[in-house]
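Before any comments, here is the structure.
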Amino acid sequence: MVNEKSVMAVIRATRPTFRNDNDKVAFAVHAIFLASGCVLTATGPPAFTDAAFSSPSKDEISIEGWNELEDEYAYVYANLEKDSNWKKVIVKCLVMNGKLLIDALTDENSEPLHLEIDVEEIVNPNGGSNYSTQYRNLDTLVKRLGLGILSKLGGSSKATTSNPARVVIPPINPLGGGDLFPGPGAEMYPAGGGFSGDGSMLLGPNDPRWLGIGIGPGFEGGQPGVPPGARFDPYGPPGVPGFEPFRFVRNPGRPGGGTHPDLEHFGDGSDFI
């Protein structure tokens, strides 16, 4: 896996000479490709020729002449992995307005991949002579190049950053799950809403659980339309006198009005609450 440490190890092993900050970022780009498993087959002026890109040669060369041109760099790499769908990639870097414009094109693609890097963001202007202190956000360059170009080349899994951005979406409780689980289970997103089929005991007018109410069977001893496995809270202990379900049904309203059923125990006409 490509990471900041492996890229810095390549830079230290090569011991390049930098003319300016642009050289530092351009060489770091090269180091990232080497760390991902690519083999350098051309660089400098020869890498800008069509012959370097179309040549079937996979012989590795030195870095000599890589920064011979002013404000532009080119590298041609070979991919030695047999299961890859590309064999050659050309990487060109152009300095413009304080940015390094990076374009990469494989022998299997018709459109290049493009990335722009702010040179000042990556380079430490007072870094001294040690390679590790000459970069201040090398990990940012590694991640951006990995996600923006390497991961899109269609090659091996090595050509990705050590911590690629990804989103893992855990499952959501199914319909009726709210009656079985008061809260979401481990590694599950809590369902939201409360009125549109999230599995809770609150049902809105558009809740899909209205479909089939009274048609499908519930669990044994339960009510029709109750989600399978859902618990049913009885009115009281079964078989105990005084807890029959009919005792908890409101009496029908009296003809012509009268006292509200909730106030009947205060006496008819009472305004005491």
Side-chain angles (χ1 to χ4, degrees), residues 1-14 16 18-40 42-43 47-48 53 63 66-67 69 71-79 81 84-86 88-127 130-169:
M1 302 292 285
V2 183
N3 54 44
E4 181 181 3
K5 291 184 178 180
S6 62
V7 173
M8 181 53 63
V10 172
I11 297 176
R12 285 173 171 165
T14 311
F18 300 139
R19 303 169 302 177
N20 49 48
D21 290 347
N22 300 327
D23 279 5
K24 297 176 184 178
V25 180
F27 194 87
V29 170
H30 164 66
I32 292 172
F33 272 87
L34 288 188
S36 69
C38 295
V39 173
L40 181 68
T43 187
F48 285 94
F53 186 51
I63 198 65
W66 70 277
N67 62 348
L69 301 177
D71 292 340
E72 56 181 346
Y73 312 83
Y75 312 96
V76 178
Y77 302 97
N79 188 357
E81 294 199 4
S84 175
N85 61 357
W86 62 274
K88 282 287 188 74
V89 59
I90 181 171
V91 179
K92 294 183 179 181
C93 303
L94 177 65
V95 178
M96 183 177 293
N97 298 327
K99 296 181 180 295
L100 189 71
L101 312 183
I102 307 171
D103 290 280
L105 179 68
T106 69
D107 52 358
E108 296 295 329
N109 294 336
S110 58
E111 295 294 332
L113 298 170
H114 181 75
L115 185 66
E116 297 185 7
I117 300 296
D118 190 338
V119 173
E120 291 185 354
E121 181 184 0
I122 307 301
V123 175
N124 184 2
N126 300 315
N130 292 331
Y131 289 115
S132 59
T133 58
Q134 293 183 32
Y135 298 89
R136 56 180 173 184
N137 289 311
L138 185 58
D139 59 331
T140 299
L141 178 61
V142 173
K143 292 177 181 179
R144 291 193 59 190
L145 192 65
L147 295 175
I149 292 183
L150 288 175
S151 63
K152 299 179 180 179
L153 293 179
S156 67
S157 59
K158 293 182 181 179
T160 57
T161 62
S162 60
N163 187 25
R166 63 191 183 98
V167 177
V168 178
I169 303 178

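In this chain, residues are counted from 1 in sequence order. We use all heavy atoms of the structure for the numbers below, so side chains are in, but hydrogens, waters and symmetry mates are not.
Between Tyr73 and Asn22, some side-chain heavy-atom pair lies under the 4.5 Å cut-off. Counting heavy atoms from C-beta outward, Ile11 and Tyr135 have side chains that approach closer than 4.5 Å.
Tyr75 and Trp66 have parallel rings, their planes meeting at less than 30° on a 0 to 90° scale where 60° marks the start of perpendicular.
Atom-to-atom distance recorded for Ile90:CD1 and Thr106:OG1 is 11.5 Å, nearest 0.5 angstrom. A distance of 10.0 Å separates CG of Asp71 from CG of Leu69, quoted to the nearest 0.5 Å. If you take CG on Asn67 and NZ on Lys24, they are separated by 13.0 Å, rounding to the nearest 0.5 Å. Here CD1 of Ile149 is found 11.0 Å from OG of Ser36. Values are rounded to the nearest 0.5 Å. Atom CZ in Phe48 sits 4.0 Å away from atom CD in Glu72 (nearest 0.5 Å). Once rounded to the nearest 0.5 Å, the distance linking CG of Leu153 with CD of Glu108 reads 12.0 Å.
At least one donor-acceptor pair closer than 3.5 Å links the side chain of Arg136 to the backbone N or O of Glu120. Remark: side-chain polar atoms of Thr14 are paired, donor with acceptor, to backbone N or O of Val10 under 3.5 angstrom. Judged by distance alone, the side chain of Thr133 and the main-chain N or O of Asn130 form a donor-acceptor pair under 3.5 Å. Side-chain atoms of Asn109 never come within 3.5 Å of backbone atoms of Glu111 as a donor-acceptor pair (strictly under, hydrogens ignored). The backbone N or O of Ala74 sits less than 3.5 Å from a side-chain atom of Thr43, completing a donor-acceptor pair. A donor-acceptor pair under 3.5 Å links the side-chain atoms of Asp107 to the main chain of Lys88, judged by distance alone.
Residues forming a side chain to side chain donor-acceptor pair (under 3.5 Å) with Arg12 (at least two apart in sequence, or on another chain): Ser132. Here Tyr77 pairs with His30 under the side chain to side chain donor-acceptor pair (under 3.5 Å) rule; sequence neighbours left out.
Closest heavy-atom contact between Phe27 and Pro16: CE2-CG, 3.5 Å. Closest approach of Ala28 to Val7, counting heavy atoms only: O-CG1, 4.2 Å. Here the shortest heavy-atom pairing between Phe33 and Leu150 reads CE2-CD2, 3.6 Å. When every heavy atom of Leu147 is checked against every heavy atom of Lys152, the shortest pair comes out as O-CE, 3.5 Å.
Of the listed residues (Asp118, Leu138, Ile117), just one forms a side chain to side chain contact (heavy atoms under 4.5 Å, CB included) with Val25, and that residue is Ile117.
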Can Asn79 and Val89 be said to form a side chain to side chain contact (heavy atoms under 4.5 Å, CB included), step by step? CA-CA 8 Å; Asn79 188 357; Val89 59; over 6 Å; no

Which pairs would a plain distance check flag for residues 92-102, meaning a side-chain donor or acceptor within less than 3.5 Å of a matching protein atom at least two apart in sequence or in another chain?
none

